[in-house]
Structures are given as structure tokens and as C-alpha cells.
Visitor: 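The structure under discussion is supplied below as C-alpha cells; questions concerning it will follow.
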Amino acid sequence: MSHKEDNEGKGCSHPTELYTSISPTCLPIVYHPDYNITFMGLEKLHPFDAGKWGKVIHFLKEEQFLTDGNIVEAREATEEDLLVVHTKRYLNRLKWSVVVATITEIPPLMFLPNFLVQRRVLRPLRTQTGGTIMAGKLAVDRGWAINVGGGFHHCSSDKGGGFCAYADITLAIKFLFERVEGISRATIIDLDAHQGNGHERDFIDDRRVFIMDMYNRHIYPGDSYAKKAIKRKVELDWGTEDSEYLQKVELHSEGTLNEVRPDIIVYNAGTDILDGDPLGGLSISPQGIVKRDEIVFRAARRRGIPVLMVTSGGYQKKTARIIADSILNLHQQGLIGAEALQGEGSSSLVTSMMCHAGPAASNAV
């Protein structure tokens, strides 16, 4: 594919509030309290811990790694933002509570007025989606970024599922392709326990995107069509443990980045690989998850490739502590932190005054 094709669409994008000025005093860690879903206890009907994102931030504050003043505040993705990837028909379908109930796997939602479902369920997911898009630009400017939420890898442009209503990974990459000069190749490293069929369907014919996916072969979604998009497929068996798992992570992460050098890595860091997870079916220890994330960040840092991490699945209460411990370990290893703020690229994004998003006009294209 030619360079011209790679950069097609740059300079003609809609105005957005997601690419805005962020203070250099902020760590490129994106979060908003609106990420957390609480709605009359209905969120407890799904095994997902719908408050885990706030718990991660709580633990990081306890360890004095984060403060309210150095977190980047996520903004909600607007309908115009979502239309960069999603079809109008799909977004209209989300105005039916029964559709949202099916996607989130919380059946009682079908009986609630849609304005409540929008406010209490979809708005948090749209805010996490906005956070992933924001973190994509931050990763380019700073060398790394973490959205404490996001990773909705079962959602594609026209279909949601598996608690994933918006295709935040696809959106983050397409925003970068359209708006940021020099970003024309992306690699997705998906290490959630489940196959990432959403972004795979979106990029199945796009040679700019290299997908590595390592997942339990026996569980949801088993999407054979989407598997055609995977350039490096690593299928695991029930109960895979640390030794085999970490060996494969290192081998295939290195192999992936040796095969094609991308301009950005999107790392889907699901914690549903944890031993005892009711949906993942693998047997990885907390220490194994921490080491896994370190392997990916170290591979990226060694090559000077910006990396965006999203947290994706994880269906046990203890996963929030493990995510926090992993972020702290990345800092202790010198792979993230204040000393890495300037990253590898230009920093038009790091010239403003506040950690929450500044005026949209400052960097909107």
C-alpha cells in the first residue's frame, strides 16, 4: 500500500474534543469517575466488576503514584466521534434497550426506558471509548499511555457483544490514521483471554494493521471469520499456566514486532487470564499478569514504539489490585513514569495548562 493510501483522510476530519491540549505535568493515564457503572445493582448480574476502574485509581492513589491533579480526565465520545467507525444503523439500534441488554448480557435492562440505559450504562462506555481515543494521541506524544478502562474488543463497526458496545480499539487507531502525521501502521497485541473478534472484523482487509491475538481457543466468541484477520494467532488450552504462557507472550510479542515495525502498538491487557476467572479458563497468577505487561512494554520500549494499553476483561474482584500492581511495576522498571513523559514523538499535545482536556480548537483537525 502506498504512503498516499496510508495517509488518506488526514486533514479532512470532523472537529472533536478528544484531541485536545494536555499539561506536561500530567501522566498519560486516562480515567473519569463516569467509567464506573452503578445502576440499582443490575450491573451485578454480569460477572464483570463494573466498578473496577475506580478501584484501580484508588490503589494507585494509595501508593502515591497518582493524584487528582496528574490524571488525564477522559471525555465522552460524541456520536460524530463514534461515526468514524460505527454505522448510523448500529448506533440507532443502541436506542433499543433490548439490544443493549443483549450486548451487555444483562437481561433486565430490556425492561428499562432507554434514556436510563443511555445514561447509566452506555454513557460510561462512551466515556471509556473517548478515553481510549485520547490515550492513542497521548501515546504518540509521550511514548506510552494507559486508559484505565476500554478494551472493548468484541465490538465492531456494526455489531456489539460480550459487554462491548463501542469499538474503542478500532476508533483509536482510525483517529490516529486520519489525524496524526507519521502514523500509518498499527499493531494490536491482544492478550485478553478471549479472541478479539471486533477489531479483527474491522481490520480484516486493512494491511496497515497487524494483529497478534493470544486467547483460550475453547471459549467465546469462536469467530472463525474474524480469525482470518489475525496475522499471529496463538491459541491456548484450558488451564494454561505461567511458565508456558509467559514464554509464548515473549516469543510472539518479539516475533510480531520483528515482523512489522508499527508506528503505534495497541495493547489489550485483559486480566481475565487470571486463575479462577469464571470466563477466561486459564490459570495465570497475579505475578504472571504483572510480568506479562512488563514483557510487552519492554519490547515496545526497546524499539522506541509508542504503546497504548487498555484494560479490557477481568471478572474477579481482585483484578483491580493486579492492574494497579502492574502499573506500579511498569513504573518501578522505568518503562513508564514522569521521566518518560516526552516519549519519542513531537509534543503538540503537551503544551497546555490543565490535566483535563482543554479547548477543542487547540488540536482538533
Side-chain angles (χ1 to χ4, degrees), residues 35-37 39 42-53 77 82 85-87 90-91 93-94 96-110 117 121-122 124-129 131-132 147 149-172 188-204 211 213-230 233 235-236 238 266-274 277-282 310-316 319 323:
Y35 280 16
N36 302 288
I37 300 171
F39 189 25
L42 288 177
E43 71 279 358
K44 295 175 183 175
L45 296 177
H46 190 283
F48 197 87
D49 179 3
K52 79 171 183 180
W53 309 286
L82 297 170
V85 165
H86 289 294
T87 63
Y90 173 71
L91 295 181
R93 291 187 69 232
L94 295 179
W96 294 88
S97 296
V98 65
V99 173
V100 181
T102 302
I103 290 170
T104 59
E105 301 169 350
I106 304 174
L109 290 181
M110 73 177 70
V117 174
V121 179
L122 292 180
L125 300 182
R126 285 193 297 269
T127 305
Q128 291 191 43
T129 296
T132 300
N147 182 15
F152 304 131
H153 66 156
H154 298 308
C155 188
S156 62
S157 63
D158 60 358
K159 186 177 182 182
F163 204 77
C164 303
Y166 302 107
D168 66 317
I169 291 174
T170 307
L171 279 159
I188 299 170
I189 296 178
D190 194 335
L191 300 185
D192 187 273
H194 300 81
Q195 176 199 352
N197 61 319
H199 58 73
E200 287 159 11
R201 283 177 169 263
D202 286 333
F203 291 122
I204 198 160
I211 298 174
D213 199 350
M214 182 163 150
Y215 54 88
N216 183 340
R217 72 173 79 217
H218 304 291
I219 60 175
Y220 176 90
D223 190 334
S224 297
Y225 174 76
K227 288 180 185 180
K228 297 174 185 176
I230 305 173
K233 179 172 62 178
E235 295 190 322
L236 304 172
W238 294 110
V266 179
Y267 171 39
N268 197 44
T271 46
D272 51 2
I273 63 171
L274 181 66
D277 188 279
L279 300 182
L282 303 176
V310 289
T311 59
S312 203
Y315 306 94
Q316 298 183 75
T319 60
I323 294 167

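Nothing fancy with the numbering, it's 1 onward along the sequence. The model shown is predicted, which means the values in this text are computed figures rather than measured ones.
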Visitor: Do other residues, nucleotides or ligands put more than 12 heavy atoms under 6.0 Å from the CH2 atom of Trp96?
Guide: no
Visitor: Any side-chain to backbone donor/acceptor pair from Asp213 onto Gly196? Under 3.5 Å, distance only.
Guide: yes
Visitor: Which of these passes side-chain contact (heavy atoms from CB on, under 4.5 Å) with Thr129: Leu122, Leu171, Val85?
Guide: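 By the side-chain contact (heavy atoms from CB on, under 4.5 Å) criterion, Thr129 pairs with just one of Leu122, Leu171, Val85: Leu171.
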Visitor: Once you round to the nearest 0.5 Å, how far does OH of Tyr166 lie from CG of Leu91?
Guide: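 It is 7.0 Å, given to the nearest 0.5 Å.
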Visitor: Determine the minimum heavy-atom distance between Pro124 and Tyr35, stating which atoms define it.
Guide: CB-O, 3.6 Å
Visitor: Kindly compute the distance separating CG (Leu109) from OG (Ser97), expressed to the nearest 0.5 Å.
Guide: 7.5 Å
Visitor: List in chain and number order the residues that pass side chain to side chain contact (heavy atoms under 4.5 Å, CB included) with Thr87, two or more places apart in sequence or in another chain; answer none if no residue qualifies.
Guide: Arg89, Tyr90, Asp158
Visitor: Could I get the full list of salt bridge (charged side-chain N to carboxylate O under 4.0 Å, His left out) partners for Asp277, not counting sequence neighbours?
Guide: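 For Asp277 there are no salt bridge (charged side-chain N to carboxylate O under 4.0 Å, His left out) partners, ignoring immediate neighbours.
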Visitor: Under the side-chain contact (heavy atoms from CB on, under 4.5 Å) criterion, do Ile323 and Lys52 qualify, and how do the steps go?
Guide: CA-CA 9 Å; Ile323 294 167; Lys52 79 171 183 180; 4.2 Å; yes
Visitor: How long is the straight-line distance from CD of Gln316 back to CG of Asp272, given to the nearest 0.5 Å?
Guide: 9.5 Å
Visitor: With sequence neighbours left out, write down each residue that passes side chain to side chain contact (heavy atoms under 4.5 Å, CB included) with Ala229, or none if nothing qualifies.
Guide: Glu200, Ile204, Ile211
Visitor: Test of understanding: with side chain to side chain contact (heavy atoms under 4.5 Å, CB included), list the residues that count as partners of Asn36, not counting sequence neighbours.
Guide: Tyr31, Trp53
Visitor: Indicate the atoms forming the closest heavy-atom contact of Phe152 with Phe163, along with that distance.
Guide: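 Heavy-atom minimum between the residues: CD2-O, 4.4 Å.
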Visitor: Would Arg201 and Tyr225 count as a side-chain hydrogen bond (donor to acceptor under 3.5 Å, both in side chains) if you check the C-alpha gap in whole Å, the side-chain angles of each, and the deciding distance to 0.1 Å?
Guide: CA-CA 8 Å; Arg201 283 177 169 263; Tyr225 174 76; 5.9 Å; no
Visitor: How many angstroms lie between NZ in Lys233 and CG in Asp190, if you round to the nearest 0.5 Å?
Guide: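 Between Lys233 NZ and Asp190 CG, I get 14.0 Å after rounding to 0.5 Å.
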Visitor: Donor-acceptor check, side chain of Asn268 to backbone of Gly270, threshold 3.5 angstrom: yes or no?
Guide: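 A pair under 3.5 Å: no.
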Visitor: Is Lys159 atom NZ crowded by more than 12 heavy atoms from other residues, nucleotides or ligands, each under 6.0 Å away?
Guide: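 Atom NZ in Lys159 is not crowded, with 12 or fewer foreign heavy atoms closer than 6.0 Å.
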Visitor: Do you know the tightest heavy-atom contact between Pro107 and Ala101?
Guide: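 Shortest heavy-atom contact: O-CB, 3.9 Å.
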Visitor: Please name all residues satisfying side chain to side chain donor-acceptor pair (under 3.5 Å) with Thr132, sequence neighbours left out, ordered by chain then number.
Guide: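 Result, side chain to side chain donor-acceptor pair (under 3.5 Å) vs Thr132: Asn147, Asp168.
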Visitor: Would a 4.5 Å heavy-atom cut-off, applied to side chains only, mark Tyr215 and Ile230 as touching?
Guide: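 When only atoms from C-beta onward are counted, Ile230 and Tyr215 do touch, with a gap below 4.5 Å.
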Visitor: Over all heavy atoms of both residues, which pair between Val121 and Ile37 is shortest? Give the atoms and the distance, please.
Guide: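 Scanning both residues completely, I find the closest heavy atoms to be O-CD1, 4.2 Å.
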Visitor: Give a yes or no answer on whether the side chain of Thr271 reaches the backbone of Gly313 with a donor-acceptor pair at less than 3.5 Å.
Guide: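 Yes; at least one donor-acceptor contact below 3.5 Å.
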Visitor: Say whether, by atom type as modelled, one donor and one acceptor occur between the side chain of Thr102 and the main chain of Val98 under 3.5 angstrom.
Guide: yes
Visitor: Mark yes or no for whether Gln195, through its side chain, and Pro221, through its backbone, hold a donor-acceptor pair below 3.5 Å.
Guide: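 Such a contact is absent between Gln195 side chain and Pro221 backbone.
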Visitor: Using atom types as modelled and distance alone, determine if a side-chain donor or acceptor of His86 lies under 3.5 Å from a backbone N or O of Ala167.
Guide: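 At least one qualifying donor-acceptor pair exists.
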Visitor: Kindly write out the residues that satisfy side chain to side chain donor-acceptor pair (under 3.5 Å) with Tyr267, not counting sequence neighbours, or none if the list is empty.
Guide: Arg292, Asp293
Visitor: Quick one: closest heavy-atom pair of Gly160 and Cys155, and the distance?
Guide: CA-SG, 3.9 Å
Visitor: Measure the shortest side-chain to side-chain distance between Ser312 and His194 over non-hydrogen atoms and say whether it is less than 4.5 angstrom.
Guide: no
Visitor: So which heavy atom on Leu125 is nearest to which on Ala165, and how close?
Guide: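 Closest approach of Leu125 to Ala165: CD1-CB, 4.0 Å.
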Visitor: Enter the distance from Leu236:CG to Leu282:CG here, rounded to the nearest 0.5 Å.
Guide: 6.0 Å
